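Down below is the structure, laid out as structure tokens.
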Number of protein chains: 2
Amino acid sequence: MEKRATIKDVAEAAGVGVATVSRVLSGGSASASTRERVLAVAAQLDYRPSALGRNLRQRRTGGLGLLVPDLTDTFYGQLSEGVLACARSSGEPVVMGSTGGDPEQEAELIGMLLEQSVDRVIAVPSGDAETWAPAVRAGMTVVFADRLPPEAVREEEHDRDPAEHALDDLLLLDGLAARPRVPESAARPLDVPAVLADDRAGIRTAVRYLRGLGHRRIAFLGGPGHDRRAAAFREAVGAPVDEELVVFGTGSRDSAYAAASGLFQSRPDLSAVVAGGNVLGEAAVLAARELDLRVPKDVSLVMYDDVPWAELCAPPLTVIAQPGRDMGYRACELVLREGTRRARSVVLPTELIIRGSCGPRR
Amino acid sequence: MEKRATIKDVAEAAGVGVATVSRVLSGGSASASTRERVLAVAAQLDYRPSALGRNLRQRRTGGLGLLVPDLTDTFYGQLSEGVLACARSSGEPVVMGSTGGDPEQEAELIGMLLEQSVDRVIAVPSGDAETWAPAVRAGMTVVFADRLPPEAVREEEHDRDPAEHALDDLLLLDGLAARPRVPESAARPLDVPAVLADDRAGIRTAVRYLRGLGHRRIAFLGGPGHDRRAAAFREAVGAPVDEELVVFGTGSRDSAYAAASGLFQSRPDLSAVVAGGNVLGEAAVLAARELDLRVPKDVSLVMYDDVPWAELCAPPLTVIAQPGRDMGYRACELVLREGTRRARSVVLPTELIIRGSCGPRR
DNA sequence: TTGAAAGCGCTAACAG
DNA sequence: CTGTTAGCGCTTTCAA
């Protein structure tokens, strides 16, 4: 970087002290004439206060971190757009990292953020509580989006008012580190606010819809981080759950395809599948095609995530839409507001968008 | 952020001077015993050198900036993944911004990067040379990816190798706007290296393919930044170009749809369209369907960008694939290497992937 | 091989 | 209202 004008240069050129310049530029008190002169000189010199100096002085970066598993997944693209939009409107730089769904890379990136003194981060976590402990311990404000680390799951939910499942969810997640009897020694659950979609309601609605169409053998095809959705699925189909119908890929498109294909082949009796995310939905469509299964004639499909191409698919995909962009935006708001008041988790509603990929059981 | 251990803490605890700690940690010389002790203490204190202090001292952030128009566009997602991957392997943090294709937002983000002392940036530019002038003037190392700002013209390139059409392309593109006689006063052309796909060859191949299928009225559906592709298209179809068949959207999905729909309606005689990017391809498919045009029976379609869903489309889309991830990776390499030696632009090959969206002229 | 000391650009006391 | 000063955490001469 070439040499830029510093506050000292401005001060000299304006014939004032550096403190005055600092004050003027950050809206402190100053006489009109001084302010004017300083401003003029600053503009003339094209002076831009260095965030480096300021941050060092204030011992914080002021920026945000954003960690997602894969920017190639449209949903995370939407979510990131939300975060970026919110951050920009607050003038906060955001340091971004893609973890590839790998806890180790995630840990590495967390370390990098720590080094940068980035003290607020929004993440779609891939690692578990242990991965995130260093961040929390270091005093980072973290907000999870889209999902929670596996260990951050709190204990069982006793069932209740069917109309209030979102609230239920809130209770569930936030709920606390400290429910009665968690051994001290166990990995301390993280107490981190999160912005999530109402997976439970979303899945339930989808399963009911498929049930209404006559489907009885419904499968769930998930990826990393889809445990809550899988749990919701199990709950929605009710006991006894045929565990063979709940399968997981490991995150890559290939593994998603393998999982889908394996599922279709090992259980030709299934008549419907719920894909836990758009990459899995993609895989399901591909695998079905490859095996000459017609959608929805031979198999019905509903996919989590509404992405533009869902509509272009043949047939257009019925989806559980979650507001990716909003989720990102909200998460960013939470992380920015934190400090003011302890942030509460947020659960956003999903919507079942019925297109053409589900039909009556054959 | 809670208080972290500083270099001073480590120095004290190890009973050495701060300079020694600094040396040890950055691989300088030190006696084995000292080194060991310092390392032990550092580990024990969980010491992490603060990038803030280091950067201030060295007057640079060491990080990279990455500016793209829209993370929701899968191609930019791919490109970003490439950049992030390369940056991570070099331990560089990347500050990301989404411009929405808006030059003003882009300028704002550039200002933000300047403030952060981020002195190296990779961008898919939305603004023109004027937008980027401040960055260059400030001494930033910038590398463009995927496209060039409209005004970004460059110096002549001599020397070529007949086998290297890529070079040819560089000439072509870079060439135009201002050959020899550019008045000094005119907006100084940017001299910025770039990583581009071989649009010219890509488009030419596609057009030839369509020609071979019997198509004569071929349209080009572009978006912002697709001027080079449009130019290549004009060149490929040859004079006289029917300018009504070259239409542009403004970047949003809606406007892309409007452009596509308008095109189909105003020129029912066209039999094929080349979409300049995946968002435009998406729009074309949608618009065609809405107008009851069958692909490829009524209209053939080839889309720039290979994205996972192209294969899921009905019919699967024939595409001009460009290596988005590689482009990002290469761009990052360029920006990192710069300083060592002046970086040269890179043109990566495209590939026509024939699937099912093109058929003989009806 | 090591330590002391001088800042990098900025803000926040504290005086004047 | 304004200037002086003391660092923030680190790297880097420069001596010892």
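All values below were derived from every heavy atom in this structure, side-chain atoms included, with hydrogens, water molecules and symmetry-related copies excluded. Proteins get letters first, then strands, A, B, ... in listed order; numbering begins at 1 in each. Being a predicted model, the structure only gives us computed values, none of them experimental.
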Length of the [atom1]-[atom2] vector between [X] and [N], whole Å:
{"X": "B:Leu52", "N": "C:dG7", "atom1": "CG", "atom2": "P", "answer": "21 Å"}
{"X": "B:Gln116", "N": "C:dC8", "atom1": "CD", "atom2": "P", "answer": "21 Å"}
{"X": "A:Tyr47", "N": "C:dC10", "atom1": "OH", "atom2": "C1'", "answer": "7 Å"}
{"X": "A:Leu56", "N": "C:dG9", "atom1": "CG", "atom2": "P", "answer": "12 Å"}
{"X": "A:Asn55", "N": "C:dC10", "atom1": "CG", "atom2": "C1'", "answer": "10 Å"}
{"X": "A:Ile7", "N": "D:dG3", "atom1": "CD1", "atom2": "C1'", "answer": "12 Å"}
{"X": "A:Arg4", "N": "C:dG9", "atom1": "CZ", "atom2": "P", "answer": "9 Å"}
{"X": "A:Lys8", "N": "D:dA6", "atom1": "NZ", "atom2": "P", "answer": "15 Å"}

Base, sugar-phosphate, or nothing for B:Gly17, non-hydrogen atoms under 4.0 angstrom?
-> sugar-phosphate

Just do the side-chain contact (heavy atoms from CB on, under 4.5 Å) check on B:Ser126 and B:Arg147 with the steps written out, would you?
-> CA-CA 9 Å; B:Ser126 295; B:Arg147 62 202 203 200; 3.6 Å; yes

Just compare [options] and give me whichever is closest to any side-chain atom of [X].
{"X": "B:Gln58", "options": "C:dC10, D:dT11, C:dT2", "result": "D:dT11"}
{"X": "B:Ser50", "options": "D:dC10, D:dG3, C:dT2", "result": "D:dC10"}
{"X": "B:Ala19", "options": "D:dT2, D:dT11, C:dG3", "result": "C:dG3"}
{"X": "B:Arg57", "options": "C:dG3, C:dG7, C:dA12", "result": "C:dG7"}

Examine [N]: is either OP1 or OP2 under 4.0 Å from a nitrogen or oxygen in the side chain of [X]? Give yes or no.
{"X": "B:Thr20", "N": "C:dG3", "result": "yes"}
{"X": "A:Thr6", "N": "C:dC8", "result": "no"}
{"X": "A:Ser31", "N": "D:dT2", "result": "yes"}
{"X": "B:Ser22", "N": "D:dT11", "result": "yes"}
{"X": "A:Arg54", "N": "C:dT11", "result": "yes"}

Contact nearer the 5' end of DNA chain D, comparing A:Val18 with A:Thr34 = A:Thr34

When you measure from the side chain of A:Asn55 to the backbone N and O of A:Leu52, does any donor-acceptor pair fall under 3.5 Å?
-> no

Main-chain N/O of B:Leu71 paired with A:Glu81 side-chain donor or acceptor, under 3.5 Å | yes

Show your reasoning for whether side-chain contact (heavy atoms from CB on, under 4.5 Å) applies to B:Arg4 and B:Arg48.
-> CA-CA 8 Å; B:Arg4 267 163 42 188; B:Arg48 297 166 131 351; 4.0 Å; yes

Closer to the 5' end of DNA chain C via nearest nucleotide, is it A:Ser26 or B:Arg37?
-> B:Arg37

Ignoring hydrogens and angles, are the base of D:dG9 and the side chain of B:Arg48 linked by a donor-acceptor pair under 3.5 Å?
-> no

Ignoring hydrogens and angles, state whether a donor on the side chain of A:Glu106 or A:Thr131 is under 3.5 Å from an acceptor on the partner side chain.
-> no

Residue pair A:Thr99 / A:Asp102, side-chain donor-acceptor N/O under 3.5 Å | no

